[in-house]
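Whatever order the structure lists them in is the order used to number ligands and atoms, beginning at 1. This one's a predicted model, so the numbers in the text were calculated from it and none came from an experiment.
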Amino acid sequence: MKILVTGGLGFIGSHTVVELQQKGFEVVIIDNLSNAGIEVLEGITAITGKVPEFVKMDLRDKQKVNQFFRDHSDIEGVIHFAASKAVGESVENPLLYYENNISTLVYILQELSKKDRARFIFSSSCTVYGQADELPITEGAPVKPAESPYGNTKQVGEEIIRDTCNINKNLEAIALRYFNPIGAHPSAHIGELPIGVPQNLVPFITQTGIGLREQLAVFGDDYPTEDGTCIRDYIHVVDLAKAHVVALERLLNKKNKENYEVFNLGTGRGSSVLEVIGSFERVSGEKLNYRIAERRPGDVIAAYADTTKANNELGWKAQSSLDDAMTSAWKWEQKIRK
Ligand code: UD1
């Protein structure tokens, strides 16, 4: 069975391709290589022994999207990762974000709407909840006004899929709201490859640990949390990748209750920034150079998932601990700096 993975050479995409191949799916990857290198294909193949079909393509080209689906009429499902994800950049260049994240989504849904049956999995984010009023966060928590154009593309993206599913019953879709994906494949053949200075905590930690960055700035220690630093739900990328396969199988096996569903993907555990640093130091044996800095504008105090819906409906649960994820992130960092 053939599955299209857009953005399949990216961080979460590549790990999902591996899990799909290991479950026997035939994978076609579309990626424009804007934020990933072609060598990721080799990493995937080194793990699974199978070379996925790869099409270098920019999904903003509507005609090419149309042509692709005409050439690949046997695609049974689409997992759509291709999108831009830097919050700051989205504030600087909102139209780039609306074009990359919204236009491409519309073009794919237009093609899927022509099919007799189509399954679609969408990368959404816990950013849609903003600072939730209640923790842990359930899927029923209200969607808050977006803090950035990036965040808005996830909200609007969900609405576009919901509205399309409402009128097109041949389309079955699931939006997955990720909490904070971290780590790498335990083989260290694939992992996260941030371009330039990492914006996210874990790659910044491992790059500091390896000596590429001087010092980590901890953004605020005066938040109303136990140790004063922000709390997030850090989920191992392999656990996250597995959830995509399970979600796809739910649609293929017609186990979904509605033709548009939403699930949180997290561990259900919140960890503070200092706890993440502690985990890194424990698993690496390195002392991390860090200092307490100003709060970062736009950061929420605490966010962690209520995963009951994913546990019960998808039969999926995150298996890895924070230490497991940090171990894999560190192994990957050491490998790529060699
Ligand atoms: C960020 C985005 C979020 C996006 C997600 C995608 C912001 C405000 N949020 O989530 O919209 O969906 O990435 O991956 O950009 N931290 C430090 N020092 C650092 C980096 C981070 O202390 O150098 C802290 C942050 O203040 C935060 C935690 O580490 O408390 C996690 O930060 P990060 O990895 O950037 O994730 P989010 O902010 O949760």
Side-chain angles (χ1 to χ4, degrees), residues 7 10-13 15 35 81 83-92 97 101 122-132 135 137 143-155 157-158 175-183 191-209 212-237 240 264-267 270-280 288-305 322 325-326 329:
F11 175 42
I12 308 172
H15 289 82
N35 199 19
F81 292 104
S84 301
K85 60 169 185 178
V87 176
E89 185 187 39
S90 79
V91 175
E92 297 298 318
Y97 272 65
N101 296 7
F122 179 63
S123 295
S124 190
S125 167
C126 68
T127 190
V128 302
Y129 299 118
Q131 179 59 68
L135 293 168
I137 304 173
V143 169
K144 295 267 179 84
E147 291 268 353
S148 69
Y150 159 75
N152 205 30
T153 65
K154 294 301 172 189
Q155 296 193 5
E158 286 192 6
L176 298 174
R177 292 176 176 164
Y178 312 150
F179 282 67
N180 289 56
I182 62 164
E192 193 170 6
L193 271 175
I195 293 173
V197 182
Q199 305 300 309
N200 295 115
L201 178 63
V202 170
F204 205 106
I205 288 178
T206 54
Q207 288 195 7
T208 306
L212 209 61
R213 312 269 155 219
E214 175 78 29
Q215 191 178 49
L216 169 78
V218 173
F219 297 140
D221 72 344
D222 57 352
Y223 284 98
T225 62
E226 211 154 285
D227 65 20
T229 63
C230 291
I231 290 175
R232 297 286 183 276
D233 185 338
Y234 296 94
I235 174 168
H236 196 305
V237 65
L240 192 66
N264 283 344
L265 295 182
T267 66
S271 305
S272 73
V273 176
L274 294 181
E275 282 171 334
V276 178
I277 294 172
S279 168
F280 171 77
L288 190 77
N289 182 16
Y290 71 90
R291 70 185 163 89
I292 305 299
E294 291 293 299
R295 290 183 178 194
R296 179 172 70 178
D299 271 342
V300 300
I301 304 163
Y304 52 96
L322 179 60
M326 292 306 286

Heavy atom of the protein closest to [atom] (residue, atom name, distance):
atom	result
atom 25 (C) of ligand 1	Asp299 OD2, 3.5 Å
atom 4 (C) of ligand 1	Tyr150 CE2, 3.7 Å
atom 14 (O) of ligand 1	Asn200 ND2, 3.4 Å
atom 38 (O) of ligand 1	Arg296 NH2, 2.7 Å
atom 39 (O) of ligand 1	Arg232 NE, 2.6 Å

Identity of the nearest option to atom 7 (C) of ligand 1, non-hydrogen atoms only, from Leu216, Val87, Val273 | Val87

Kindly identify the option in Phe219, Phe11, Tyr234 whose heavy atom sits closest to atom 28 (C) of ligand 1.
-> Tyr234

Per-atom contacts of ligand 1 with [X], taking only distances under 4.0 Å to non-hydrogen atoms:
X	answer
Ser125	12 (O)
Val218	22 (O)
Cys230	30 (O)
Asn180	36 (O), 37 (P), 39 (O)
Thr127	11 (O)

Side chains of [X] and [Y]: do they bring a donor and an acceptor to under 3.5 Å?
X	Y	answer
Asn264	Tyr129	yes
Ser272	Asp227	yes
Thr229	Tyr223	no

How many angstroms lie between [atom1] in [X] and [atom2] in [Y], if you round to the nearest 0.5 Å?
X	Y	atom1	atom2	result
Asn101	Lys85	CG	NZ	11.5 Å
Tyr97	Glu92	OH	CD	10.5 Å
Arg296	Gln199	CZ	CD	7.5 Å

Does [X] have a heavy atom less than 4.0 Å from any atom of ligand 1?
X	answer
Gly151	no
Tyr178	no
Lys85	no

Looking only at heavy atoms, is any part of Gln199 under 4.0 Å from ligand 1, and if so is it the side chain, the backbone, or both, or is it neither?
-> backbone

Heavy atom under 4.0 Å from ligand 1: found in Ala217's side chain, backbone, both, or neither?
-> backbone

Within 45° of the six-membered ring axis of Tyr178 and under 6.0 Å from that ring's centre, is NZ or CZ of Lys154 located there?
-> no

Option among Ile277, Leu216, Val218, Thr206 that satisfies the side chain to side chain contact (heavy atoms under 4.5 Å, CB included) test with Leu201 | Leu216

Could you pull out the closest heavy-atom pair between Ser271 and Val276, with the gap in Å?
-> CB-CG2, 4.3 Å

Which heavy atom in Ala329 sits nearest to a heavy atom in Val202, and how many Å separate them?
-> CB-CG1, 3.9 Å

When only distance counts, is Leu201 in polar contact with ligand 1, meaning an N/O pair under 3.5 Å?
-> yes

Judged by atom type as modelled, is there a donor-acceptor pair below 3.5 Å linking the side chain of Arg295 to the main-chain atoms of Asp222?
-> yes

